Amino acid sequence: MPQITFEVGVGKQWYAEASFFTNDFLLANKYTVFPYSIDGISGFRLYQFSAGALYRLILPNNYNLINLHSGFSAGFHTQHLGTYYPSSSGGSGSFNNVPFAFTAETQSEIVSRYIGTFYLGLSKDFRIFNRCYLTMSYRHNFGIKSMFESETLYTDLLTNQSAIIKRRVNGSGSEIQFGLKFKLSK
């Protein structure tokens, strides 16, 4: 996902940070029951803003050991509320002369245009030259509000089983990022 981030010093080793990023939200279903599998993908684009604080853990010899991040993120998409993404899949055949059949019906719905998260993260900067740094970061998002809900009913006639799987997407998840950082002032 493309992202642009700004940091501004607010005190010794403390920084305020803000970023804008966009990413594709994809919902993929994959059903694997030997000897067959079925999958599908649907999605839309999210636009997110985040703001928070960054603390640089600096050793006495002025070596920047690691950066600690914390903040909030808010995002939106342009899909209509209540938009449904229905899908159905199925397969049949035989395995060792035993017939099988598998069906899956999924109903997905957009329940909010907005998403919000609280995040915690770590990052490390490596100087490439003068004012240019390679940065690597890990961030975990804790979702606040559901944006997307999905329910899948599947039936496997080989094992004579049925189940309903419910999912809610609220923005929780982990991110690993790599990028370049440019220092604008000394």
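Keep in mind the model is a prediction, meaning the values are calculated, not measured.
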In Å and rounded to the nearest 0.5 Å, what is the [atom1] to [atom2] distance from [X] to [Y]?
X: Ser112; Y: Asn170; atom1: OG; atom2: CG; value: 11.0 Å
X: Leu46; Y: Thr22; atom1: CG; atom2: OG1; value: 7.0 Å
X: Ile110; Y: Ser146; atom1: CD1; atom2: OG; value: 13.0 Å
X: Ser150; Y: Ile165; atom1: OG; atom2: CD1; value: 9.0 Å
X: Asn67; Y: Met136; atom1: CG; atom2: CE; value: 11.5 Å
X: Ile128; Y: Thr135; atom1: CD1; atom2: OG1; value: 10.0 Å

Nonpolar side-chain network containing [X], other nodes, edges under 4.5 Å:
X: Tyr133; result: none
X: Phe76; result: Ile4, Phe6, Phe20, Tyr47, Phe49, Tyr114
X: Val8; result: none
X: Leu54; result: Tyr15

Does a donor on one side chain and an acceptor on the other come within less than 3.5 Å for Gln3 and Thr5?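 The answer is yes; a qualifying pair exists.
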
How about Ser123 and Ser137: does a side-chain donor come under 3.5 Å of a side-chain acceptor?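 The answer is no; no qualifying pair exists.
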
Minimum heavy-atom distance between Asn23 and Gln48, given as atom pair plus value: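 Heavy atoms only, the tightest pair is OD1-OE1, 3.8 Å.
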
Indicate the atoms forming the closest heavy-atom contact of His140 with Ser174, along with that distance.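 Heavy-atom minimum between the residues: ND1-OG, 2.9 Å.
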
Partner set under ring pair (Phe, Tyr, Trp, His ring centres under 6.0 Å) for His77, not counting sequence neighbours: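 Ring pair (Phe, Tyr, Trp, His ring centres under 6.0 Å) check on His77 returns Phe44.
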
All ring pair (Phe, Tyr, Trp, His ring centres under 6.0 Å) counterparts of Tyr138, not counting sequence neighbours: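 Checked Tyr138 against ring pair (Phe, Tyr, Trp, His ring centres under 6.0 Å); zero matches.
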
Any pair with a residue in residues 52-70 that passes salt bridge (Lys or Arg N to Asp or Glu O under 4.0 Å), sequence neighbours left out, goes on the list, sorted by first then second residue, please.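 Non-adjacent pairs meeting salt bridge (Lys or Arg N to Asp or Glu O under 4.0 Å): Glu7-Arg56, Arg56-Asp125.
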
Which residue pairs pass the salt bridge (Lys or Arg N to Asp or Glu O under 4.0 Å) test when at least one of the two sits in residues 107-120, sequence neighbours left out?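 As it turns out, there is no salt bridge (Lys or Arg N to Asp or Glu O under 4.0 Å) pair with a partner in residues 107-120 once direct neighbours are skipped.
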
Is there a chain of hydrophobic side chains (I, L, V, M, F, W, Y, each step under 4.5 Å between heavy atoms) that links [X] to [Y]?
X: Leu59; Y: Trp14; result: yes
X: Leu65; Y: Leu68; result: yes
X: Phe126; Y: Tyr63; result: no
X: Ile115; Y: Val111; result: no

Validation row: Met147, Val169 side chains within 4.5 angstrom (heavy atoms):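 A side-chain contact exists here, since the closest heavy-atom pair is under 4.5 Å.
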
For residues Arg167 and Thr106, determine if any side-chain heavy atom of one lies less than 4.5 Å from a side-chain heavy atom of the other.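 Yes, side chains in contact.
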
Taking only residues two or more places apart in sequence, or in another chain, which ones meet Asp24 in a side chain to side chain donor-acceptor pair (under 3.5 Å)?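 Side chain to side chain donor-acceptor pair (under 3.5 Å) check on Asp24 returns Arg45.
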
Among all residues two or more places apart in sequence or in another chain, which pass the side chain to side chain contact (heavy atoms under 4.5 Å, CB included) test with Asn141?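 Counting only residues at least two positions away or on another chain, Asn141 forms a side chain to side chain contact (heavy atoms under 4.5 Å, CB included) with Thr117, Tyr119, Arg139, Glu175.
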
Intermediate values then yes/no, side chain to side chain contact (heavy atoms under 4.5 Å, CB included), Gln13 and Tyr55: CA-CA 6 Å; Gln13 296 173 240; Tyr55 178 76; 3.3 Å; yes

Who passes salt bridge (Lys or Arg N to Asp or Glu O under 4.0 Å) against Lys166, sequence neighbours left out?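 Salt bridge (Lys or Arg N to Asp or Glu O under 4.0 Å) list for Lys166, sorted by chain: Glu151.
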
Who pairs with Arg127 by salt bridge (Lys or Arg N to Asp or Glu O under 4.0 Å), at least two apart in sequence or on another chain?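 Listed in chain order: nothing, the list is empty.
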
Is a donor on one side and an acceptor on the other found under 3.5 Å between the side chain of Lys124 and the backbone of Leu134?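 Checked: no pair found.
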
